[in-house]
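Here the structure comes first, spelled out in structure tokens, and everything after it is commentary.
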Amino acid sequence: MQAERLEDGAFLVCCRMDSTAEDVRATLTGINELLQGQEMAPPRDSNWELVIAEVLNNIVEHAYEDRAGGDILLRLVFSPDRLSVEFTDFGQPMPSGTPPSGAPVDLDVSVEELPEGGFGWFLIRSLSENLDYHHDGESNRLRLSIPLR
Amino acid sequence: MRLTTDHRDGVDIITVDAARIDAAVAIQFKDRMREILGNEKPRYVLDLSQVDFIDSSGLGAIVAAMKLMPKGGKLELAGLRPAVDKVFRMTRMDSIFAIHPSAEAAASA
């Protein structure tokens with residue numbers, strides 16, 4: 001994990017992780033530790049960490065089909081009013097060539113039928129902007145930004 | 001992932017002794033909840049006051065745990081911190097669970 005302050009005052013963090021839920025957790029915990037005491041640390045209620053976690057979990061689960069040994073690159077630029085993020089992986093492309101629309105789940109069902117998943121893209125889309133996905137034959141690149149204030 | 005149980009003021013409280021319920025521990029959480037809920041008490045309160053991060057896998061695991069309750073039984077939540085509360089509100093799961101400000105408040109409810 002590398003971090004540096006850019007000329008415009010923004011805080012850049014770059015990380016590489018393995019395609020496991022454990023490494024995703026370790027990376028997020030590490031980023032939080034780096035941000036402690038930084039003036040660019042986003043407010044907790046922006047839920048920036050949730051957006052990053054959901055995208056990374058999807059890469060582990062779908063692009064790499066829950067197999068360890070895949071590389072995931074993460075580049076974060078923390079500015080005062082927004083966090084810009086770029087995710088790169090070398091796994092399977094998104095099935096339809098675009099990220100899911102993230103419709104809200106249907107809760108008007110019996111308890112037994114309540115959904116235990118399918119919240120991820122709804123949360124990502126609700127909390128982020130300027131989502132852009134590109135597959136170039138070898139890698140998937142997803143960019144998005146998260147308003148912080 | 002450590003969960004501890006306690007019987008206070010007539011209520012069975014399950015405390016999550018962890019800061020995160022995420023994809024890395026969702027399965028462990030479900031397994032541990034299955035063990036505890038197997039005691040078949042009619043009402044449990046899940047105290048989340050130490051949890052400051054939950055992702056959709058963690059949310060799904062809590063929903064899965066609720067489905068393990070016997071018919072007529074209740075799994076209620078208490079002590080949601082702001083980031084956790086926001087996930088429940090955004091997904092409208094706050095309409096599915098009874099949510100108390102704290103385990104103490106749940107005991108007197």
Side-chain angles (χ1 to χ4, degrees), chain A residues 17-33 42-62 64 66 68 72 100 102-128, chain B residues 1 18-31 33-34 37 42-44 49-77 80-99:
Chain A
M17 76 204 85
D18 188 29
S19 51
T20 64
E22 290 72 24
D23 221 26
V24 167
R25 164 188 271 232
T27 300
L28 291 170
T29 308
I31 296 168
N32 269 309
E33 281 166 11
R44 291 273 336 154
D45 64 3
S46 64
N47 285 67
W48 66 271
E49 188 181 348
L50 178 62
V51 178
I52 315 288
E54 296 301 334
V55 174
L56 293 174
N57 289 342
N58 278 324
I59 292 172
V60 169
E61 189 180 338
H62 299 296
Y64 288 118
D66 280 318
I72 305 173
V105 294
D106 182 9
L107 299 185
D108 200 12
V109 295
S110 66
V111 169
E112 295 75 33
E113 290 170 348
L114 279 173
E116 295 173 30
F119 315 107
W121 274 100
F122 170 74
L123 293 169
I124 295 165
R125 291 209 180 258
S126 302
L127 293 164
S128 70
Chain B
M1 160 121 294
R20 305 172 71 91
I21 308 179
D22 59 17
V25 295
I27 291 173
Q28 278 178 52
F29 173 84
K30 254 189 283 189
D31 289 347
M33 285 295 282
R34 185 175 289 116
L37 300 179
R43 181 187 179 214
Y44 284 96
S49 57
Q50 292 178 57
V51 179
D52 62 18
F53 181 81
I54 188 167
D55 64 11
S56 63
S57 303
L59 177 67
I62 292 177
V63 174
M66 185 187 66
K67 294 183 188 177
L68 296 171
M69 291 296 290
K71 210 166 172 62
K74 283 185 193 154
L75 178 65
E76 301 176 359
L77 309 178
L80 277 62
R81 295 217 203 167
V84 175
D85 182 60
K86 191 162 172 181
V87 173
F88 276 85
R89 279 188 288 116
M90 285 185 73
T91 56
R92 294 184 32 246
M93 279 293 170
D94 61 338
S95 65
I96 302 296
F97 290 89
I99 299 179

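Each chain gets a letter, A, B and so on, in the order the sequences are listed, and its residues count up from 1.
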- prompt: Is the closest side-chain heavy-atom distance between B/Arg34 and B/Asp31 below 4.5 Å?
  reply: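 B/Arg34 reaches B/Asp31 side chain to side chain.
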- prompt: Got A/Ile72 and A/Val60 here, is their nearest side-chain heavy-atom distance under 4.5 Å?
  reply: yes
So, taking the atom named [atom1] in [X] and the one named [atom2] in [Y], what distance separates them when rounded to the nearest 0.5 Å?
X	Y	atom1	atom2	result
A/Trp48	A/Leu28	CH2	CG	6.5 Å
B/Asp94	B/Asp85	CG	CG	7.5 Å
A/Glu49	B/Asp22	CD	CG	8.5 Å
A/Ile31	A/Ile52	CD1	CD1	7.0 Å
A/Ser126	A/Trp121	OG	CH2	11.5 Å

Most contacts with chain B, counted as non-hydrogen pairs under 4.5 angstrom, among [options]:
options	value
A/Leu56, A/Leu50, A/Asp23	A/Leu50
A/Gly118, A/Ser46, A/Pro104, A/Pro115	A/Pro115
A/Leu114, A/Val105, A/Asn57, A/Leu127	A/Leu114

message: At under 4.5 Å between heavy atoms, what parts of residues 49-61 of chain B are in contact with chain A? List them by residue number.
response: B/Asp52, B/Phe53, B/Ile54, B/Asp55, B/Ser56, B/Ser57, B/Leu59, B/Gly60
query: If you check every heavy atom in residues 64-72 of chain B against those of chain A, which residues fall under 4.5 Å?
result: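 The residues closer than 4.5 Å to chain A, in numerical order, are B/Ala64, B/Met66, B/Lys67.
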field: Passing candidate, side chain to side chain contact (heavy atoms under 4.5 Å, CB included) with A/Val55, options A/Leu123, A/Val24, A/Ile124
entry: A/Ile124
- request: Could you tell me which portion of B/Arg20 (side chain, backbone, both or neither) has an atom closer than 4.5 angstrom to a non-hydrogen atom of chain A?
  value: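 When you check distances to chain A, atoms from both the backbone and side chain of B/Arg20 fall under 4.5 Å.
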Would you check if the side chain of [X] reaches a backbone N or O of [Y] as a donor-acceptor pair within less than 3.5 Å?
X	Y	answer
A/Asp18	A/Thr20	no
A/Asn58	A/Glu54	yes
B/Arg43	B/Glu76	no

Exceeds 12 heavy-atom contacts within 6.0 angstrom, atom CG of A/Leu107: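 It does: A/Leu107 CG has more than 12 such atoms within range.
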message: Please classify the contact of A/Glu22 with chain B as side chain, backbone, both or neither, using a heavy-atom distance under 4.5 Å.
response: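 Both parts, backbone and side chain.
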